[in-house]
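Here is the structure we will look at.
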Amino acid sequence: MSAQQPQHPPVRLLIAERSENAAHQFDSLLRDAGIATRLEIIDLPMALDKLAQADLMLCNAALPQLVQLLPTLASNAPQVPIIVVNNDEGSLTQSEAMELGAADVVSDTEGRHLVLVVQRELEHVCQNIQFKQALKSLNEAEQRCRLLLQSSRAAIAYVHEGMHIYANEGYLKLFGFEDSDDLLGLPLIDLLDRDSADALKAILKQFRDNEDEIDLDFSGTSTDGATISGNMALAAAEYEGEHCLQVTVRTSSATSDTAVDTAAEDSATEKDADAEVPVLREDAIVGNDDPTVGQANGASTDTASAAQAVSNGADAGPESDVEEGPDNTGSSFTLELMEEPADQSGEEPATAETTDPAIEAAQSPAEEPPPEEPLPEESLPEESQQAAPTAEAIDFTNEPLEQADEAEAPVLIEESAEPTTESPTETAAETAQPRRTNRAAAHGLSEFLSQSEASVGEQKGQFTSIFVAQIDSYDDLQRTHGLAGAENVCSQIEAELLSDVDGPFMQISRYQWAMLVCDQTRDDALSKADCYRSSIESMMFEVREKTVRPTITLGGAILNMEGYNSLGTALEATLNSAFATLKTTLASAEENTVKLPKFETAEQENDDEANRVLSLISEAIENQSFILLFQPIISLRGDSDEHYEVFLRMIDRNGEQMAPGRFLSTAIDNGVAGKIDRWVILQSIKMLSTHRSKGHNTRLTINLTSNSVADPEFIQWLGVAIKAARLPSDAVIFQITERDASTYIRQTREFVEGLKNLHCRASLSRFGLAGEPFETLSHIPVDFVKLDGSLIADLNKNPELKHNIADMVRELQSAGKLTIVPMVESASVLSTLWQSGVNYIQGHYLQEPTSDMDYDFSTDD
């Protein structure tokens with residue numbers, strides 16, 4: 001699987017960089033190499049929240065706190081490679097950066113090296129996802145084969161160094177054992193009479209030389225004194241990682257041709273039933289899109305292949321956890337759940353059999369159960385008689401890379417209800433079987449919230465909180481015990497928590513869980529959560545012969561309905577706050593502990609970054625602490641009007657300016673960006689009116705967010721505001737990003753048409769990033785088009801870009817659009833753009849954004 005395959009959606013790329021120009025240069029470099037990206041430029045501290053939803057991260061080596069934050073980033077999202085980029089301002093050696101958790105170090109001057117490193121790391125990401133899916137499929141096959149072996153009518157046992165290490169129900173009944181504990185460790189030879197024992201010894205010597213399957217006619221005695229005679233088939237196998245002998249016993253007696261025919265017909269009937277058993281698709285790991293391939297490939301699975309499948313997955317543990325992500329946006333891998341419908345016909349379920357026609361045909365009619373006796377599946381546990389184990393497939397085509405890790409959910413398949421004693425030959429992974437429980441974790445956020453709402457409703461008046469638990473030092477655990485060992489530990493801990501927690505429970509990731517805790521007081525809730533912690537602390541088991549004593553840390557938050565119009569919304573906010581508490585606790589190097597902040601008011605609860613930003617925005621609007629900056633837009637075609645673009649900055653509590661990238665996305669997500677837009681418009685047109693009163697023929701371009709574009713009342717408000725300012729309608733141009741326009745095409749078209757009714761003009765910014773940019777443009781009748789800065793960043797380095805930009809400008813102008821090119825940083829770029837026929841330019845080469853409209857446009861005449 002290649003990171004550059006065209007069917008892949010864009011890679012979710014985070015770049016922590018001081019200069020937006022430098023970030024766009026890296027993005028352009030990757031795009032030129034055929035790696036489609038979805039870029040987000042962030043400050044390094046923001047990566048703590050963003051990294052888990054990304055596929056790859058680049059960060060500047062000169063950023064402050066890089067050395068302190070890099071280990072935390074690598075620990076929080078070990079599946080996301082972080083590449084450090086050295087430059088003149090700062091550098092790290094490769095060994096230093098990799099010790100801190102970076103995947104690699106490259107120089108900003110070696111573009112080809114960067115591309116190769118990114119391609120390699122994306123390939124690793126894909127392979128890691130494939131490995132996890134393959135491991136999950138193997139674990140399901142193991143569970144399926146265990147069930148088939150346990151429920152088969154054929155008598156099957158495994159013998160290691162002459163001793164029984166496993167026997168199914170048929171084998172135990174045949175020799176009169178009520179419990180597998182009585183048989184485990186018993187020599188096979190003790191079940192045979194002297195002549196058969198001597199014959200077995202001779203055959204075993206022959207078997208050691210070539211390991212070909214050998215048949216032996218035998219006679220022996222069961223524990224109740226009954227004589228047993230028949231045929232014993234010996235074959236090489238592996239069980240729980242041990243090379244051993246598979247023993248399949250066929251009892252025999254005097255038979256007639258009619259009886260043999262009857263047995264053959266019974267075998268054929270059972271084979272047909274087995275065709276209904278859902279099996280793992282063979283194309284699951286290679287991404288075959290045909291959903292019919294491999295669905296019935298297991299109809300004739302014999303006992304030897306079943307045993308082989310059982311042995312291959314032993315170290316991975318009996319269960320596989322699959323994460324579900326909260327938001328599938330940007331995910332590149334999905335799982336299809338292929339469930340066979342439950343058999344409603346009353347016929348014998350195929351899951352109760354291990355079908356081997358040769359074995360079944362050789363059985364004596366005397367050994368067949370009479371029709372009036374219970375069917376074999378009735379001897380199975382109740383859980384095994386329900387739905388058959390499901391098979392799952394992988395779709396590699398239409399989802400982004402990020403959530404393959406998030407798409408997993410625990411699959412619990414119950415084994416025999418009869419207790420067994422572990423053999424000394426069992427591996428550590430088998431020894432550490434998860435505790436069985438009748439409860440199951442909620443599948444996804446919506447189910448967890450629904451269960452929580454119901455639970456809160458049933459326990460009105462109680463103190464309610466949500467806790468998020470995380471395994472301590474998970475990255476160290478994974479390095480020590482490997483991926484399979486770490487997954488096994490996660491299964492043990494989840495099973496333990498499920499058995500302890502008495503309320504709604506949800507898996508967030510393979511090593512994180514959420515739970516609702518209702519009790520009388522806050523102290524009672526803390527005590528209950530601490531019981532969960534101590535329960536995990538007391539666990540001790542072995543993984544691959546190494547002792548594991550896991551611990552967990554829990555962060556909580558108190559449910560508070562203030563400011564929320566529904567219980568579900570308040571519960572979701574509480575879950576987010578609990579997660580923030582957990583991260584804060586772990587960031588302070590506190591592990592194996594429980595934290596539940598005690599808030600006296602609802603405002604004190606808003607300590608996470610999103611709520612902090614929203615609080616700053618509210619203060620900025622109320623206290624007028626936003627700042628407007630103006631950057632000139634210069635005409636290259638003789639337009640003498642003064643033209644500025646308005647940029648917004650916000651002052652934080654430390655008195656520092658915050659760029660929109662640090663707060664605007666939070667405002668948009670929470671629906672308050674429209675208030676910011678209205679503040680910017682009112683202040684901008686007020687300043688423009690004052691400036692024009694001094695004799696300047698000035699116009700402004702004001703950027704709007706999607707909140708305003710999608711607000712049907714915004715146009716009416718805008719008309720009133722412009723009339724109140726007594727400004728010509730064409731003095732203000734409203735600008736929308738291409739991304740917002742393509743997301744809200746209908747709303748944007750209606751918005752632009754509304755602007756035209758007000759005689760205002762519209763502009764489309766960051767043009768050229770979409771796969772088909774002119775397709776979006778054809779639906780939206782804007783007057784100006786501003787190209788994306790990443791198209792200009794490498795103009796000097798790549799001469800071919802000059803022709804691309806010239807072609808794009810010509811096509812835009814032929815469609816009647818005036819073109820604006822930003823990020824002009826040098827005279828050579830300006831000259832190139834002039835030759836390309838661009839209408840307007842802006843950039844730091846002309847003037848950086850300033851607080852005043854003071855650029856001297858006369859110098860450019």
Side-chain angles (χ1 to χ4, degrees), residues 142 145-223 228-252 301-315 354 356 358-359 362-363 415-416 418 420-427 429-431:
E142 176 193 2
C145 293
R146 283 181 182 278
L147 182 62
L148 292 173
L149 281 171
Q150 185 64 27
S151 60
S152 175
R153 290 179 180 176
I156 303 170
Y158 292 94
V159 175
H160 177 63
E161 296 183 354
M163 304 290 185
H164 288 89
I165 60 175
Y166 170 83
N168 72 349
E169 190 73 20
Y171 194 93
L172 294 174
K173 289 183 177 179
L174 179 63
F175 287 99
F177 292 94
E178 295 183 359
D179 198 319
S180 59
D181 292 350
D182 299 331
L183 183 64
L184 295 181
L186 183 70
L188 172 63
I189 202 168
D190 288 358
L191 300 179
L192 311 179
D193 61 22
R194 178 174 298 181
D195 292 339
S196 296
D198 292 340
L200 177 62
K201 291 178 183 178
I203 285 179
L204 288 178
K205 291 180 181 178
Q206 176 186 348
F207 182 80
R208 292 190 187 99
D209 295 334
N210 51 34
E211 294 194 346
D212 291 337
E213 184 172 343
I214 298 177
D215 288 344
L216 166 68
D217 292 330
F218 77 97
S219 61
T221 305
S222 68
T223 57
I228 302 172
S229 62
N231 182 268
M232 185 178 290
L234 309 177
E238 283 190 4
Y239 184 80
E240 306 296 358
E242 295 284 354
H243 188 71
C244 63
L245 189 69
Q246 176 183 294
V247 180
T248 305
V249 178
R250 308 176 182 94
T251 57
S252 63
T301 305
D302 63 21
T303 55
S305 62
Q308 185 69 26
V310 170
S311 64
N312 288 344
D315 287 342
T354 298
D356 187 334
I359 295 174
Q363 285 187 330
E415 298 187 24
S416 173
E418 297 182 12
T420 60
T421 299
E422 295 161 355
S423 166
T425 59
E426 292 178 339
T427 63
E430 177 68 14
T431 303

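Along the sequence shown, residues are numbered consecutively beginning with 1. These numbers come from a predicted model, not from an experiment.
We find the OH-CZ distance between Y171 and F177 to be 8.0 Å, quoted to the nearest 0.5 Å. Atoms CD1 and CG, on I189 and D198 in that order, are 7.0 Å from each other to the nearest 0.5 Å. We find the OG1-CD1 distance between T251 and I228 to be 8.5 Å, quoted to the nearest 0.5 Å. Distance CG/L188 to OH/Y158: 14.0 Å, rounded to 0.5 Å. Rounding to the nearest 0.5 angstrom, the gap separating the CD1 atom in I214 from the CG atom in L204 is 8.0 Å. Atom CG of L234 sits about 8.0 Å away from atom CG of D215, to the nearest 0.5 Å.
Side-chain atoms of S222 never come within 3.5 Å of backbone atoms of G176 as a donor-acceptor pair (strictly under, hydrogens ignored). The backbone N or O of A154 lies less than 3.5 Å from a partner atom in the side chain of N168, making a donor-acceptor pair. Side chain of H164 to main chain of L186: a donor-acceptor pair is present (N/O by atom type, distance under 3.5 Å, no hydrogens or angles). Between the side chain of S219 and the backbone N or O of S229 there is no donor-acceptor pair closer than 3.5 Å.
The minimum heavy-atom distance linking L192 with A197 is given by the pair CB-N, 4.0 Å. Considering all non-hydrogen atoms of both residues, H243 and H160 come closest at O-ND1, 3.1 Å. In terms of heavy atoms, F218 sits closest to S196 at CA-OG, 3.4 Å.
Side-chain contact between N231 and L216: absent, with no pair of heavy atoms (C-beta onward) separated by less than 4.5 Å.
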